Structures are given as structure tokens and as C-alpha cells.
2 protein chains.
Amino acid sequence: MDRAQDGGNVAGMSGLSRATVSRLPQYLRLLEDIETGDTISSDLLAEAAGVNAANVRRDLSDLGFQGTRGVGYSVPNLRDRIRRELGIEKRRKVAIVGAGNLGTALARYGGLAKRGFDVVAIYDIDQERIGSLIGDVKVQDISEMPGDCGSGLYDMAIIAVPARAAQTVAEGLVDAGISSLLNFAPVRVSVPDAIPVRQVDLSTELQILSYYG
Amino acid sequence: MDRAQDGGNVAGMSGLSRATVSRLPQYLRLLEDIETGDTISSDLLAEAAGVNAANVRRDLSDLGFQGTRGVGYSVPNLRDRIRRELGIEKRRKVAIVGAGNLGTALARYGGLAKRGFDVVAIYDIDQERIGSLIGDVKVQDISEMPGDCGSGLYDMAIIAVPARAAQTVAEGLVDAGISSLLNFAPVRVSVPDAIPVRQVDLSTELQILSYYG
DNA sequence: TAGATTGTTAATCGATTAACAATC
DNA sequence: TAGATTGTTAATCGATTAACAATC
């Protein structure tokens, strides 16, 4: 209990460091794919996740999850523990804002449903798109977005609108009470500290690769 | 024989820390958007990029880029310097592997061309898709992929295939001499250390958000 | 000059990892 | 027991930041 890790955490949040949290989904994916055996060693987990074995043991120790010396970690128990920690033990409802190419692609991406995330709403501002079906979800007018959020239809949103619209969309969602945002628009959105945001940008990724390649 | 994640520097002494490199695209975007004035202070850059001003000064100092005390940094000079550092002073040719929803969305994403990345080839294994046009690029049979890479048609690739195909595609590209990979498949691919890879996964992002939200 | 802002130092923070005693 | 593997310590590494002299 003497490992200092208060500084790197999000304000008011419990224990795990950002670095640890970012690795949990990787571990979880592995644990979901495993069919053989019901225990796994930190060595195997580490190799598959591309990290150091000591790092794995420290992460799981921080999680409060115990293994068995000489044996390893229980696969089903660890899987459940990580799911619980990430808050995905039950399905999460997600809205996608922007029904262009990217929004459509994200909405159709089957991997989401498989991991517990249900796309329950898609919004756009373009009358041509409103009313059309993407999968089995109808594209709605973006004016419906705040009300739907406020009434609890969803609590996570993916922003897939053009750069110029992203900040306005983000503010609308925040005002309506959104819990967290994933921003695919190629611009940084600014929101209150209390709302977690992750930004993913294709050209940023390519530019970083340009440096190393 | 893998491990293309974060931490320390990549192959050789490239000079800049990973943290610094990951911030350069943010600075660059700001510098490209600015029209007012021809100098900018570390304070303004920092605020817009969401980092500490001392961090900005340190990054630019590491770049070997000098500002003027009491004045700030030259916008056009800094913009050019970052472009040169990232290796994007000239246009880069990129292939997209997988012409499904995601691959199509990425290919159509205008932000790429605007940032200097030209999608010069799209590959798929599905005969239904081969021959169709996405923008002005024809979808080719994936069997053409290694030859095109070998002949220098492109040197960066975006993997947008299903998880089960990602590792095979990555290996084919590496054998054909690819310089760097951006992997959107929901699985981690393993490549030699010398090839930089970045992995972007939607459900991983959502799972991380689930923890904080 | 007087105010502004850089460039750099030093402290600190956060994260990783080798090593090994504990123990299954 | 003998081998395997955890849990934890301590060292180290990498990155951030406050502070301030230098200087435009």
C-alpha cells in the first residue's frame, strides 16, 4: 500500500494508474480469446500483450487480483475482474454523432457489439441522411441528440462529424449530461475536466509514423 | 521478437522522445490553422495543445528550434521545421488494405489528403469488391499488394481487415518492405522491431472510457 | 528601460523492470 | 521435494513542471 500513484490519476478516481487502465483491455481481449486451460502465467499474458511480465504482475496486483504462486492466474476470474473494473460487465449504450463515411463505418463495425457496446442512436444534420437505416438503427436529426442523452438513452458518444462541428457537438453532449466522449473528428475538443475524452485522429497517427518510418 | 509499443525510443537514436514526437502533430495542426500574426508564444501553443508551456519550450528546444526571448516562435519557420522533422515535407503514399466499411471510410476521409497523405492503392480479397472505385482509386486484388509495395508504389499501409486476417496481411507487407503500419484491425499484430506500428482500436478506446466514465 | 518570453536547471512525478524471497 | 510462478522491493528510467536567469 505504499506505491505512490495518486498523482497520475484522474481527479477523484480510485486506484489504477492510467498506464494500467490502458493495458486492461489488452489483457481482457486475450482472456476472452483463450480456450485452452483455466490458468495463465504472467509470462504468457505479457508476451501476448507485448509488455514485461513484471508489469503484468504489478498491474494485476494493483487490481487487487491474486494469482497462485507456481501456478498462475485464473482465466475466468481474471476476465470477470477486469470486466468489472472497466465497468463493462453489463452492456453499454453508445450514440454516434455524424452519419458520414466514418460514422457509418463505426456504426457497422461488428466488433463493438461483440465487446458489449450497443449503438442505440445515430445523429446527423443532413436531411438527406436523416431517416435512412444503418444496420437497424435509423439516422435521426441531431436536434434529438440532447433530449435522448438527457433521458438516458445512451451515456457514451462517438463524435464523427467534420472538424468545424466537433466542438459544438461536444458541448451539446456535455450539457445534456454525457458521461464520456470518443472524438474521431480531426480536431481537439475542449470539455470540462470531469468528462473523460479520448481523441483518435488518423492523420496524427500517420504523422507520428512518418517520423519513425 | 515483437514489441512495437510505447516506451523509450525506436530503432536507433532518433533523438526525440516518443512523448515529444506525439505532440508535434498537435503543434503542427495549430500552426497550420493560424493566420493571425507570425509569431506565437509557448503559452499560446501550450493552451491550444492542452499541455504545459514548459513542456512546449522543452519540446521545441529538443527539436533544436530557437525562439526569440520576449517575442516567441516564428510560426512559418516552426511549421516548416516540424514538417521536416516528421518527414512530411513531401507527400506520402499510403495503401489501405481492406475495402470494407472501415477501409472505405478511411479512403474517403478527406483529411488525409489535406495533411499530405495520398491513398494510392486499396486492396481486398473479395471478388465482389475488386474492381470497384472508391473515390478515384480502384480496389485491387490483395495478391497485387506485395508487388506494388516492393516496387515502391507506397511505403505506409493502413490495415483495415478483420482481426483474423490482420497478422497475415502485416507479414505480407513487412516481407514486401513496408516502412510503417497503422493497424485498425481489432487485434495486435506482431512485426519486427524495426518496423514501427501503431494500433488503433475502437473497442479498446471505449473500454478505457468505461473505466473513467 | 520595462515588460515579455525563452531556454534551462533541478526537483519531482509516474512508470518500468530486474531480481528474488515467498510459496504453491 | 523440486520446479514454477507470484508478489514486492528497490533501482532506474522517462517525462513533466515550477522556477528563474538570460535576453529580446
Side-chain angles (χ1 to χ4, degrees), chain A residues 1-11 13-24 26-27 31 37-75 77-78 81 208 212, chain B residues 2-10 12-24 26-27 31 37-75 77-78 81 193 208 212:
Chain A
M1 194 60 62
D2 47 300
R3 186 172 172 247
Q5 52 180 10
D6 311 55
N9 287 336
V10 168
M13 275 294 166
S14 58
L16 301 180
S17 75
R18 283 170 188 277
T20 294
V21 171
S22 73
R23 284 187 292 266
L24 293 184
Q26 328 261 61
Y27 302 152
L31 295 166
D38 51 7
T39 63
I40 188 170
S41 68
S42 58
D43 244 4
L44 283 176
L45 260 173
E47 196 192 344
V51 301
N52 182 286
N55 208 327
V56 171
R57 294 198 291 277
R58 148 106 352 121
D59 285 341
L60 303 192
S61 171
D62 288 351
L63 247 189
F65 188 84
Q66 295 210 331
T68 306
R69 291 170 202 241
V71 179
Y73 299 92
S74 157
V75 169
N77 289 357
L78 178 54
R81 181 70 188 82
I208 293 172
Y212 295 112
Chain B
D2 44 48
R3 178 101 174 103
Q5 292 277 101
D6 279 51
N9 276 341
V10 174
M13 35 146 293
S14 330
L16 300 181
S17 76
R18 282 171 186 273
T20 295
V21 171
S22 73
R23 284 186 292 266
L24 293 184
Q26 327 262 60
Y27 302 152
L31 295 166
D38 50 8
T39 62
I40 188 170
S41 68
S42 57
D43 244 4
L44 283 177
L45 260 174
E47 195 192 345
V51 301
N52 183 285
N55 209 328
V56 170
R57 293 198 293 277
R58 165 88 87 130
D59 285 340
L60 303 192
S61 170
D62 288 352
L63 247 189
F65 188 84
Q66 294 209 332
T68 306
R69 291 170 202 241
V71 178
Y73 299 92
S74 156
V75 169
N77 289 355
L78 178 53
R81 180 70 188 82
D193 280 350
I208 292 172
Y212 295 111

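These figures come from a predicted structure and were not determined experimentally. Letters A, B, ... are given to chains in the order of the sequence lines, protein chains preceding strands, and every chain is numbered from 1.
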Practice item. Output the single nucleotide from C:dC20, D:dA15, C:dT17 whose closest atom is nearest the side chain of B:Arg18. Key: D:dA15

Practice item. Measure the OG1-CG distance between B:Thr39 and B:Leu44 for me, rounded to the nearest 0.5 Å. Key: 9.0 Å

Review point. In terms of side-chain heavy atoms of A:Arg23, which of C:dA19, D:dT17, C:dT16 is nearest?
Key: C:dT16

Revision key, fill the gap. dist A:Asn77:CG -> A:Asp38:CG (nearest 0.5 Å) comes out at 9.5 Å

Revision key, fill the gap. To the nearest 0.5 Å, atom OG of B:Ser42 lies from atom CG of B:Leu60 at 8.0 Å

Exercise for review: Grab the two heavy atoms, one from A:Ala46 and one from A:Asn52, that are nearest each other, plus how far apart they are.
Suggested key: CB-C, 3.7 Å

Check your understanding: Which nucleotide sits closest to the side chain of A:Arg58: D:dA19, D:dT9, D:dT17?
Key -> D:dT9

Practice item. Calculate the interatomic distance between B:Leu45 atom CG and C:dA4 atom P; express it in whole Å. Key: 19 Å

Exercise for review: Using the criterion of both pairing distances under 3.5 Å for Watson-Crick and G-U wobble pairs, give all stems of 3 or more consecutive pairs involving DNA chain C.
Suggested key: C:3-24 with D:3-24

**Study point:** Distance in angstrom units between A:Arg57 CZ and C:dC24 P, rounded
**Key:** 16 Å

Practice item. Write down the distance between CG (A:Leu60) and P (D:dT8), rounded to a whole number of angstrom. Key: 12 Å

Review point. OP1, OP2 of D:dT16 versus side-chain N and O of B:Asn55: anything below 4.0 Å?
Key: yes

Exercise for review: Taking the side chain as every heavy atom from C-beta outward, state whether A:Asn55 and A:Arg23 have any atom pair closer than 4.5 Å.
Suggested key: yes

Review point. Picking from B:Asp59, B:Leu78, B:Thr20, what satisfies side-chain contact (heavy atoms from CB on, under 4.5 Å) with B:Tyr27?
Key: B:Asp59

Exercise for review: Please confirm whether the backbone N or O of B:Leu63 pairs with a side-chain atom of B:Arg81, one donor and one acceptor, at under 3.5 Å?
Suggested key: yes

Review point. What heavy-atom pair brings B:Tyr73 and B:Arg57 nearest, and what distance separates the two atoms?
Key: OH-CG, 3.6 Å

Check your understanding: In whole angstroms, how far is the P atom of D:dG14 from the CG atom of B:Asn52?
Key -> 21 Å

Review point. For the pair made of CD1 in B:Ile40 and P in C:dT5, what is the distance, rounded to whole Å?
Key: 11 Å

Review point. A:Asp59 CG to D:dT6 C1': how many Å, rounded?
Key: 14 Å

Point to revise | Results of side-chain hydrogen bond (donor to acceptor under 3.5 Å, both in side chains) for B:Arg58 - residues two or more places apart only | key: none

Check your understanding: B:Asp62 has an atom CG; how far is it from atom P of D:dG14, in whole Å?
Key -> 14 Å

Practice item. Tell me which residues in residues 63-75 of chain A put a heavy atom below 4.0 Å from DNA chain C, sorted by number, or none. Key: A:Thr68, A:Arg69, A:Gly70

Review point. Checking all strands, does A:Ser42 fall into the base, sugar-phosphate, or nothing category for heavy-atom contacts under 4.0 angstrom?
Key: sugar-phosphate

